[in-house]
> 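Got a structure here, written out as structure tokens. Questions coming.
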Amino acid sequence: MLGCHEISLTYNDLQEMLAESQPVIGQQTMQSTPSAEHNEVSWELHHTFGTWSNRSIHLREGLDLSVVAWTLQENLSLTIDAQMEPSFGSSFCVFGDFLTTVSGTARDFITHPQETQLGFFQGDVKTTTKGTPGQTVTLIQLEIDPRLLDALTETPPDHSQHPLRGVFSNTQTGFQWQAQKITPAMTIALNQLLQCPYQGLTRRIYLESKSLELIALQLGQLSEAQPPSQSASSLKPKEIDRIYLARDILIRDIENPPSLLALAKQSGINSLKLKQGFRQVFNTTVFGYLYTHRMEEARRLLEMGDFNVTQVAQAVGYAHSGKFAAAFKKKFGITPKSLRAR
């Protein structure tokens with residue numbers, strides 16, 4: 001049976017595994033194949049817990065790209081404790097889901113398929129990422145120096161017009177994060193980035209252009225979701241943590257979600273602040289978010305082809321397949337049966 005226990009690693013453990021030049025004697029069979037070419041470093045690790053690969057590319061001063069993928073045979077947690085210079089992190093989850101715990105915050109971050117996240121890191125940041133077996137996770141990640149973002153957006157020296165002012169505080173140490181859905185335009189750019197047809201200098205320029213395009217799309221999405229009158233900056237950091245906790249509880253109990261009052265109680269926030277906070281952070285109502293998540297999860301299950309329409313309806317919290325089919329068609333313009341038959 002897969003995933004019967006959890007393997008815990010630190011970043012140093014991972015580096016030691018990669019440094020090993022010979023397979024480990026006994027049942028632990030590990031092979032790593034690191035390589036470096038100009039501004040690119042790639043490695044692949046094969047271990048009893050699964051496979052893990054990473055390709056990191058330095059595109060220009062202040063901009064780095066990483067493509068990360070793993071397929072696990074066991075439950076795995078990786079803890080990274082680092083002292084970080086101020087930087088923005090942009091992440092796009094193409095496939096899979098996983099959980100991240102951040103030291104000093106009240107919530108876990110559940111990353112879902114087709115979700116994009118923009119964060120700000122500064123000072124001591126300790127994260128633990130937990131992955132489960134039976135799925136492949138693919139991530140595209142960008143690290144951006146704030147000075148590069150300032151230069152690209154022509155921000156004045158006093159930062160009075162910084163595009164992310166009011167979203168992230170440059171005085172807060174640790175980790176700040178905002179999540180949104182990957183848009184169709186982002187999907188096109190991500191696929192082009194993953195399937196880059198060029199080599200050498202042309203490849204590097206192409207990857208840089210696609211990375212900047214993704215950053216622009218993400219900033220545009222963030223500004224649309226948070227107009228000045230409803231900026232998430234009006235929420236305190238602890239309140240934002242509670243809003244994300246409520247989001248995670250809501251989608252964790254997708255088949256039988258709690259009432260608004262019960263959700264507020266479980267999240268440690270009053271119901272009025274919960275409703276206002278969802279509007280400010282996610283640009284939708286609490287149950288509007290639940291509806292969208294249900295439909296996206298239903299589409300994913302139908303595309304897998306392993307379940308019939310009735311089973312999918314029940315999995316996302318619909319007791320009647322007819323109501324589910326109507327909601328699905330309203331969302332995507334196609335019936336669940338038609339999608340499954342493709």
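In what follows, every heavy atom counts, from backbone to side chain, and hydrogens, waters and symmetry copies are set aside. In this text, all values refer to a predicted model and were calculated from it rather than measured experimentally.
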> Please find the pair of heavy atoms, one from Met295 and one from Phe332, that lie closest to each other, and give the distance.
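So the two residues come closest at O-CE1, 3.5 Å.
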> Would you say the side chain of Phe49 lies within less than 4.5 Å of the side chain of Gln73, judging by non-hydrogen atoms?
no
> Do His112 and Gln114 have side-chain N/O donor and acceptor atoms under 3.5 Å apart?
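No.
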> Quick one, Leu76 and Glu74 - any side-chain contact, counting heavy atoms below 4.5 Å?
no
> Give me the atom names and distance for the closest heavy-atom approach of Ala327 to Tyr291.
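It is O-OH, 3.2 Å.
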> Can you check whether Ile215 reaches Leu142 side chain to side chain, under 4.5 Å on heavy atoms?
yes
> Any side-chain to backbone donor/acceptor pair from Gln311 onto Asn308? Under 3.5 Å, distance only.
yes
> If we ignore hydrogens and angles and just use 3.5 Å, is the side chain of Thr292 paired with the main-chain N or O of Gly288 as donor and acceptor?
yes
> Do any N or O atoms from the side chain of Gln135 and from the backbone of Asp97 form a donor-acceptor pair under 3.5 angstrom?
yes
> For side chain to side chain contact (heavy atoms under 4.5 Å, CB included), just list the numbers for Phe278 and Ile243, CA-CA rounded to whole Å, side-chain angles, deciding distance to a tenth of an Å, and then say yes or no.
CA-CA 7 Å; Phe278 249 78; Ile243 297 300; 4.0 Å; yes
> Looking only at heavy atoms, which two atoms of Tyr244 and Ala179 are closest? And how far apart?
OH-N, 3.2 Å
> Could you tell me which non-hydrogen atom of Ile182 sits nearest to which non-hydrogen atom of Cys93, and how far apart they are?
CD1-O, 3.6 Å
> Looking at Glu239 and Arg242, is any side-chain nitrogen of the basic one under 4.0 Å from a carboxylate oxygen of the acidic one?
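No, this pair does not count.
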> Are Ser77 and Ser8 close enough that a side-chain donor and a side-chain acceptor fall under 3.5 Å?
yes
> Side chain of Ser211, backbone of Leu207: donor and acceptor closer than 3.5 Å?
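Pair found, side chain donor or acceptor close to backbone of Leu207.
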> Please confirm whether the backbone N or O of Ala264 pairs with a side-chain atom of Ser267, one donor and one acceptor, at under 3.5 Å?
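No; zero donor-acceptor contacts below 3.5 Å.
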> If we count only N and O atoms by modelled type, under 3.5 Å, do the side chains of Asp64 and Ser66 hold a donor and an acceptor together?
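No, Ser66 and Asp64 have no side-chain donor paired with an acceptor closer than 3.5 Å.
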> Within a strict 4.5 Å, meaning less than it, do heavy atoms of the Lys130 and Asn75 side chains meet?
no
> Within 45° of the ring axis of Phe328 and under 6.0 Å from its six-membered ring centre, is that where the NZ or CZ of Arg299 lies?
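No, Arg299 does not lie over the aromatic ring of Phe328.
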> Any donor-acceptor pair under 3.5 Å linking the side-chain atoms of Thr71 with those of Thr136?
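Per modelled atom types, Thr136 and Thr71 side chains form a pair under 3.5 Å.
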> Would you call Arg55-Glu40 a salt bridge at under 4.0 Å N-O?
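Judged by the 4.0 Å cut-off on N to carboxylate O distance, Arg55 and Glu40 do form a salt bridge.
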> Treating Tyr198 as the side-chain partner and Arg204 as the backbone partner, does any N or O pair qualify as donor plus acceptor under 3.5 Å?
no
> Does the side chain of Lys126 reach to within under 4.5 Å of the side chain of Thr79, using non-hydrogen atoms?
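The answer is yes; the side chains approach within 4.5 Å.
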> Looking only at heavy atoms, which two atoms of Leu250 and Pro257 are closest? And how far apart?
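Answer, listing the atom of Leu250 first, then Pro257: CD1-CB, 4.2 Å.
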> If only atom types and distance count, is the side chain of Gln276 paired as donor or acceptor with the main-chain N or O of Ser271 below 3.5 Å?
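Not confirmed, Gln276 side chain does not pair with Ser271 backbone.
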> Using a distance-only test with no angle check, is there a side-chain donor-acceptor pair under 3.5 angstrom linking Gln218 and Thr116?
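Yes, Thr116 and Gln218 have a side-chain donor paired with an acceptor closer than 3.5 Å.
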> The criterion is side chain to side chain contact (heavy atoms under 4.5 Å, CB included); which residues satisfy it with Asn12, sequence neighbours excluded?
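Side chain to side chain contact (heavy atoms under 4.5 Å, CB included) check on Asn12 returns Thr10.
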> Between Tyr318 and Gln314, do the side chains contain an N or O donor and an N or O acceptor separated by less than 3.5 Å?
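Result is no, nothing qualifies.
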> Donor-acceptor pair, distance only, cut-off 3.5 Å: does the side chain of Arg60 make one with the backbone of Glu208?
no
> Would you sort out whether Leu260 and Lys275 count as a side chain to side chain contact (heavy atoms under 4.5 Å, CB included), showing the intermediate values?
CA-CA 9 Å; Leu260 186 65; Lys275 290 190 290 185; 3.5 Å; yes
> How far does CG of Leu214 sit from CG of Leu118, to the nearest 0.5 angstrom?
12.0 Å
> Using side-chain heavy atoms (C-beta onward) and a distance below 4.5 Å, is Leu14 in contact with Leu45?
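With C-beta onward as the side chain, the pair touches.
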> Any ion pair linking Arg300 and Glu303 (charged N to carboxylate O, less than 4.0 Å)?
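Result for this pair is no, no salt bridge flagged.
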> Return yes if a side-chain donor-acceptor contact under 3.5 Å exists between Glu143 and Gln141, otherwise no.
no
> Answer yes or no: is there a side-chain heavy-atom contact under 4.5 Å between Ile140 and Leu194?
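Yes, at least one pair of side-chain atoms sits under 4.5 Å.
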> Between Thr127 and Asp81, is a side chain to side chain contact (heavy atoms under 4.5 Å, CB included) present by the stated rule, with each step listed?
CA-CA 7 Å; Thr127 62; Asp81 192 350; over 6 Å; no
> Return the CD1 to CG distance between Ile144 and Leu149, rounded to the nearest 0.5 Å.
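It comes to 7.0 Å.
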> Sub-3.5 Å donor-acceptor pair from the side chain of Asn270 to the main-chain atoms of Lys273, do we have one?
yes
